Structures are given as structure tokens and as C-alpha cells.
Amino acid sequence: MRPRRFAALGPLTGRIRVPGDKSISHRSIMLGALAVGETTVTGLLEGEDVLSTAAAMRAMGATIERDAGGTWRVQGVGVGGLLQPQAALDMGNSGTSTRLLMGLVASHPITATFIGDASLSKRPMGRVIDPLSQIGASFTAAPGGRLPLTLQGVQPAIPISYRLPVASAQVKSAVLLAGLNTAGITTVIEPVPTRDHSERMLRGFGAQLDVDVEADGTRIIRLTGEAELKPQSIEVPGDPSSAAFFAVAALIVPGSDLVIENVGLNPTRAALFDVLRLMGGSIEELDRRDVGGEPVADLRVRASVLTGIEVDPAVVPSMVDEFPILFVAAALAQGRTVTRGLEELRVKESDRIAVMRVALEQAGARVTETEDGLIIDGTGGEPLRGANNASVATHLDHRIAMSMAVAGLASHGGIEVDDTRPIATSFPVFESLLATATGTAA
């Protein structure tokens, strides 16, 4: 374990650039590996999760290399061309890699075994196993539908129409990716919209994909199978989930005035910034532009007096990963913040509702846990007490570790995070960027 104490370091100022969007990075490698020809990717997030995806695609036949300038080059095998991996595919801590790759493999005539670290091995995969079983794939999994899991793909697969029982971009994407190598039309019915990176990128690579939106907001997504994907040149925008930590830090640390460059603002991902503005946060979009079909801007964030609000459960799918850091903002706000509809957080890398309650209470916040969220009574802008001499348990969860690191910046006594190693899964330069923004870099 690698513990570290995070304490007040003064205001965050200047300009920083966060690494590439993790969702787009995963998908650019996967779809590049299924195209025929060379796909180039710049701005790829080089965290452990994305590297797990790259290693798995190499194991199934793609050639994936990084040049000296940081550009990734992917020589694809074509849809239907995935090869039998010779060893188990190690997913590390990446639930996204696991679920999306299960979809890819399911409609190919190969067998793959998925393994992962202790945290990933606790996460249930049943919500992906169910629809992929309907197309004809078969599974042997640990109890509870967990890893290690062996998937036997099928060819020809059966095109299905699948209504998502819960809002999940990963399940949607797994079904659509399985549909790439399935004759006919694969349909996903999405009652609650989730992040749409898969739809945007599938179209960008040349797949025939149509989306109809019904009067009640239900999205019906149809993908025509046996697609021929064309190689692309992809520039990955900065990850809004990574930018979120620095945005909240700048809002809650007095005197901060920080510009976060090149942040992806896909409307299915960026609800956190809208919620923070509703709380009174000063977040200004500079130079809004379009990069590869994704909206992007530089965000200027200034220290602000935040006020607690009742967060509309309808925004949950478009900021589900950002609730841990929102909880930190709420802990420093004036008045009460109420969050509901967060059941999904209980099956992430950790039970993020319970773990964040315990961690914030340890740091001096007033928190009530409910079945589907947290109620937080903020300090009114006063720094948190801090966690004294006790370490905050992060349960191998990168977002818990970074959220409590940010909380430490707005505390009297500092907060020791029990293990900073998981941060590398999604944001390997978090600590160095924090040093840059606070002027404490060596």
C-alpha cells in the first residue's frame, strides 16, 4: 500500500490539462482493432484500465503500438477477425474493459477467459451475461456471475432486441459491439439515456447506426451487423471525470482561479458541471469547439460559495462516476445537499455510497446514508476537521482516493488516503497535476 496525507496547499491557479477521456480511449482502441487498416489515436489516456484494453486486443490479433511522440497506432483485424487468445485476458481493475470486451467476443467463434484484480473480481457481470446469452454466447463464471469468467462466443450470433432494465452505458455498448459481427439488426432500447460515446464512435468508424427518440425520451438504437469499419484518426478530448476533481478543488479552496484545458463536454457526461453551477459554482466555458464529433471547451473555475441543493435523480446517468467528488463539494457547501437514485454506486469498484459516508464522517463531515444516496449537511465553507491520525479506507477505488485527496485540500488537519496506487488505473498524473496547480511541484 502507498498511503499519502493530503493537506491544504493554498489556491489552485494557472492552467492544467487533464488526460484523455477514458470512455473514448477504450472505444478508440477496440474499434480501431476491428477496422481494416491503421487507426491513429492522440491524447489517449495511458492509465492501467486503457492499457488492459490494449493488451486484450493485442492478444486477439491487433497490432497496437505507441510512437515516441505519444501517438497510438492500431492495425485492425476487421470485424469477425478476432483470434483465439492464448492466455487469460487480465482486465486489472477495469469494469469497462471487461464488459465491452465480453460484447466483442460474444459474436466471434472464440473462447476467452477474463480475470481481474481483487476489486474487479467482486463486481457482478450478470447484467452483461443476460443479453449476451440471448445472442447465443455461453458463460462459466465464479459464483454471482463474477470473475474469473470464461465466455464461449458464437458464430453466427442471433440479433436481439434488448430493453435495458437499468441505465448502463456499459451494457448498451456490450450489446452493440456484439451486434457488429451479427447478421441483421441488433436493437437496444434505452428508457433512460446514458453516455453516447459508443454511438458517436461507431458511426465515426462507418457502422450503420440509427437512433430514434420516443416522446417519453426512450432511445431506440439500431445497429446493422456485419459492419465494415474504416480506420480513423482520433483526437481524444480531456476526460470530464478527471477534470471534475480539479474543478471541485478550485471551487472549495479559497483564492483559486484555475483553467482546465480541453475538457470533453458531451451532454451525456458533463452534468456535474451543471450541478456545481446550480450550487453557485463559478465555472466558465472558454473557446467551446467540436473535436471529432465531441463538444470540448476550456473551463475556468474560481473559488465559490456553494449552496446545498436537492440533486435531480434524472441527472444520475450523466454523472454517475462524479458523485464521490460531488459529495466532497456538498460537505463544504452551505446547507443541505440531498442525493437520490444512486443504487448503481453500490456496485462500482466499491460501494461508493457507504465508503464515502464513512470517509467523509472520518474527515468531520455530517453525512446521513440512505438506501439510494447520501444527505450531506455542509460546513458553510469552513474547512473540514480532517481525519486526524487515522487513514481513510479507499477500498482499492480510484475515485474514492482522489475525492478524499481533494477533501484534504480543504481541511484543517489533512486527510491520509490509505492507498494511492489505484489512482493509476484512471488518472496516473493526478498527483503531479495537483502539485502543478498548487505551485508545489518540485
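Keep in mind that what you see is a predicted model, and the values were worked out from it rather than measured. Nothing fancy with the numbering, it's 1 onward along the sequence.
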Derivation of the salt bridge (Lys or Arg N to Asp or Glu O under 4.0 Å) call for D397 and K348 | CA-CA 9 Å; D397 189 325; K348 290 289 189 178; over 6 Å; no

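- Residue-environment remark: CD (E228) stays at or below the threshold of 12 foreign heavy atoms within 6.0 Å.
- Checked by atom type, the side-chain pair D49/S426 shows no donor-acceptor distance below 3.5 Å.
- With no hydrogens or angles considered, no side-chain donor-acceptor pair links S94 and E48 at under 3.5 Å.
- Relative ring orientation between F430 and F245 is described as perpendicular, the plane-to-plane angle rising above 60° on a 0-90° scale split at 30° and 60°.
- Using modelled atom types, no side-chain atom of S242 and backbone atom of G238 make a donor-acceptor pair closer than 3.5 Å.
- Note on E322 versus R195: no salt bridge recorded, every NZ/NE/NH1/NH2 to OD/OE distance being 4.0 Å or above.
- At distances below 3.5 Å, not a single donor-acceptor pair connects side-chain atoms of D372 with backbone N or O atoms of L342.
- Comment: E344 engages R127 in a salt bridge, judged by a side-chain N to carboxylate O separation of less than 4.0 angstrom.
- Using a 3.5 Å distance cut-off with no hydrogens or angles, the side chains of R123 and T98 do not pair a donor with an acceptor.
- Residue R269 is tested with D239, T194, D321 for a side chain to side chain donor-acceptor pair (under 3.5 Å); the sole match is D239.
- Heavy atoms of other residues, nucleotides or ligands lying less than 6.0 angstrom from CZ of R4 number more than 12.
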